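The structure under discussion appears below in the form of structure tokens.
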Amino acid sequence: MHRIKLSLIAFCIALMGMQSSVNAEVLEFAQVGDVHYTLENSVLDKYLYFLSLSLKKKNPEFVVFLGDNVDRSKEEDVIGFMRDIHPIRHPYYLVLGDKDAHRLSGIEKKVYLDIVSTFNKHQDNKNTYFYFKPNSDFICVVLDDTSEFAQSNHGEIPDEQVEWLDNLLTKNPKKLFIIFQHSPLVPPRDEYKLTMINTEKYEAVLKKHSNIVMISSGHYHQESVQTDDNGVRHVCAPAFKDIPHSYQLIRIIYDENSYKSPKDVEITVTKIKV
């Protein structure tokens with residue numbers, strides 16, 4: 001009788017594990033950091049083509065370019081970059097980087113976004129910050145931490161965007177959120193010249209909500225994965241322009257029925273060489 005009870009307990013534990021596995025969902029996407037495209041760099045032309053082939057093979061649900069997509073804020077470079085990534089058949093989205101668009105020595109953000117929307121049907125609202133829904137459980141937010149007028153190494157999220165983000169999170173308490181931005185909030189190395197500024201209100205909003213699972217960024221040309229006190233993963237991508245020309249494949253395993261905090265999701269970050 002004792003052995004029968006132990007076997008029954010073991011069976012119930014196994015059944016619970018199987019049920020948990022059945023309920024688990026997966027979101028997989030790709031993120032590409034700091035391409036720094038220029039018309040003169042034929043090497044990048046080749047590797048962006050290889051990127052499209054790699055993405056076709058890996059088949060992520062969507063792709064995000066994390067800013068500094070071009071190296072110079074010039075209209076012809078933006079057009080060249082968009083032409084090079086046009087073969088990508090998955091939905092893709094562009095984050096603004098500090099080199100992409102600024103009035104002082106480049107093109108305005110409006111001009112940049114006009115070009116992007118011409119090539120990319122998934123990003124045709126011409127807003128510098130926005131959100132999209134890859135499935136019924138997730139909301140992905142793209143923020144703009146770049147200056148309107150001049151290039152700056154210090155990213156900053158304006159109050160307008162912080163309030164917009166807070167409202168979006170408040171209205172969707174049962175959705176899981178991923179935030180994409182160019183500059184990292186939690187940098188991969190301690191270096192003042194690249195840290196974000198005026199982050200108090202932004203960080204307060206992040207701490208206020210428990211449904212943010214991940215914040216992705218580029219800017220540093222250095223990959224890292226760090227977890228803050230709330231369990232949010234801060235992922236920095238390597239620069240695609242640097243050898244070995246790589247991007248990251250992100251796999252998130254989650255159960256929307258049992259989610260309580262970011263610690264309840266499993267996130268795997270894989271570096272893919274094209």
Side-chain angles (χ1 to χ4, degrees), residues 29-36 63-71 73 93-102 128-129 140-148 150-159 161-162 165-166 169 177-252 261-263 265 267-272:
F29 65 91
Q31 57 184 34
V32 187
D34 298 73
V35 176
H36 289 270
V63 184
V64 176
F65 289 87
L66 291 167
D68 280 0
N69 305 305
V70 297
D71 194 56
S73 183
Y93 306 89
L94 273 64
V95 179
L96 272 168
D98 55 282
K99 289 184 176 292
D100 291 324
H102 45 81
T128 63
Y129 60 95
C140 295
V141 173
V142 174
L143 296 179
D144 176 15
D145 60 58
T146 66
S147 168
E148 184 76 30
Q151 183 182 345
S152 172
N153 281 329
H154 292 281
E156 179 180 9
I157 308 294
D159 289 350
Q161 289 186 52
V162 174
L165 175 63
D166 190 18
L169 287 159
F177 277 74
I178 302 170
I179 297 175
F180 299 100
Q181 58 193 58
H182 180 60
S183 297
L185 183 62
V186 178
R189 62 181 186 269
D190 186 14
E191 189 172 335
Y192 170 74
K193 70 178 182 178
L194 293 179
T195 56
M196 296 190 73
I197 59 175
N198 300 327
T199 60
E200 293 80 6
K201 291 183 179 179
Y202 182 36
E203 291 184 276
V205 168
L206 298 179
K207 291 178 181 178
K208 176 181 174 182
H209 300 276
S210 62
N211 52 341
I212 304 166
V213 300
M214 179 177 170
I215 300 176
S216 282
S217 58
H219 194 43
Y220 274 91
H221 297 200
Q222 181 179 340
E223 59 186 312
S224 72
V225 180
Q226 301 180 71
T227 305
D228 65 23
D229 293 338
N230 298 317
V232 178
R233 276 68 154 202
H234 295 257
V235 181
C236 289
F240 184 81
K241 84 173 188 69
D242 296 338
I243 297 171
H245 306 294
S246 59
Y247 66 95
Q248 291 173 326
L249 195 66
I250 314 294
R251 183 179 177 86
I252 302 179
S261 79
K263 298 176 183 178
V265 302
I267 299 180
T268 303
V269 181
T270 305
K271 184 176 181 180
I272 308 293

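These numbers come from a predicted model, not from an experiment.
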### Message
Whether the side chain of Q226 engages the backbone of P187 through a donor-acceptor N/O pair (distance < 3.5 Å, no angle test) should be reported.
### Response
yes

### Contacts of type salt bridge (charged side-chain N to carboxylate O under 4.0 Å, His left out), residue E223, not counting sequence neighbours
K271

### Query
Going from CE on M214 to SG on C140, what distance comes out if it is rounded to the nearest 0.5 angstrom?
9.5 Å

### Task
Rounded to the nearest 0.5 Å, what's the gap from OG on S147 to NE2 on H154? Could you check?
12.0 Å

### Query
Does one side chain, of D242 or H36, offer a donor that lies under 3.5 Å from an acceptor on the other?
no

### Task
Start with the C-alpha gap between L165 and Y202, add the side-chain angles, then the distance that decides, and say whether side chain to side chain contact (heavy atoms under 4.5 Å, CB included) holds.
CA-CA 9 Å; L165 175 63; Y202 182 36; 3.7 Å; yes

### ring-ring contact (aromatic ring centres under 6.0 Å, His included) partners for F177, two or more places apart
none

### Query
Is the backbone of V232 close enough, under 3.5 Å, to the side chain of N230 for a donor and an acceptor to pair up by distance?
no

### Query
How far does NE2 of H219 sit from NZ of K99, to the nearest 0.5 angstrom?
9.5 Å

### Query
Does the H221 side chain pair with the main chain of P238, one donor and one acceptor, at a distance under 3.5 Å?
no

### Task
Please lay out, stage by stage, how L94 and D100 fare under the test side chain to side chain contact (heavy atoms under 4.5 Å, CB included).
CA-CA 10 Å; L94 273 64; D100 291 324; over 6 Å; no

### Summary
Taken to the nearest 0.5 Å, the spacing of I157 CD1 from S183 OG works out to 8.0 Å

### Message
For a side chain to side chain contact (heavy atoms under 4.5 Å, CB included) check, start with the C-alpha distance between K241 and V35, then their side-chain angles and the critical distance, and finish with the verdict.
### Response
CA-CA 5 Å; K241 84 173 188 69; V35 176; 5.6 Å; no

### Query
Does H234 use its side chain to pair, donor to acceptor, with the backbone of S224 at less than 3.5 Å?
no

## Note on the structure
Between P262 and V213 the two heavy atoms that sit nearest each other are CB-CA, 4.1 Å

### Message
Please find the pair of heavy atoms, one from Y129 and one from L143, that lie closest to each other, and give the distance.
### Response
CB-CA, 4.0 Å

### Query
Does the side chain of D228 come within less than 4.5 Å of L185's, by heavy atoms?
no

### Query
Rounded to the nearest 0.5 Å, how far does CZ of R233 lie from CD1 of I178?
11.0 Å

### Message
Does K201 form a side chain to side chain contact (heavy atoms under 4.5 Å, CB included) with D159? I'd like the steps, not just the answer.
### Response
CA-CA 8 Å; K201 291 183 179 179; D159 289 350; 3.1 Å; yes

### Message
Here's a test for you: under side-chain hydrogen bond (donor to acceptor under 3.5 Å, both in side chains), which of D144, N69, D145, D98 qualifies with H182?
### Response
D98

### Query
Does the ring center of F29 lie less than 6.0 Å from the ring center of Y93?
no

### Message
Just verifying a value: how many Å separate T146 OG1 and N153 CG, rounded to the nearest 0.5 Å?
### Response
12.5 Å

### Task
Mind listing the closest non-hydrogen atom pair of P188 and C236 along with its distance?
CD-SG, 3.7 Å

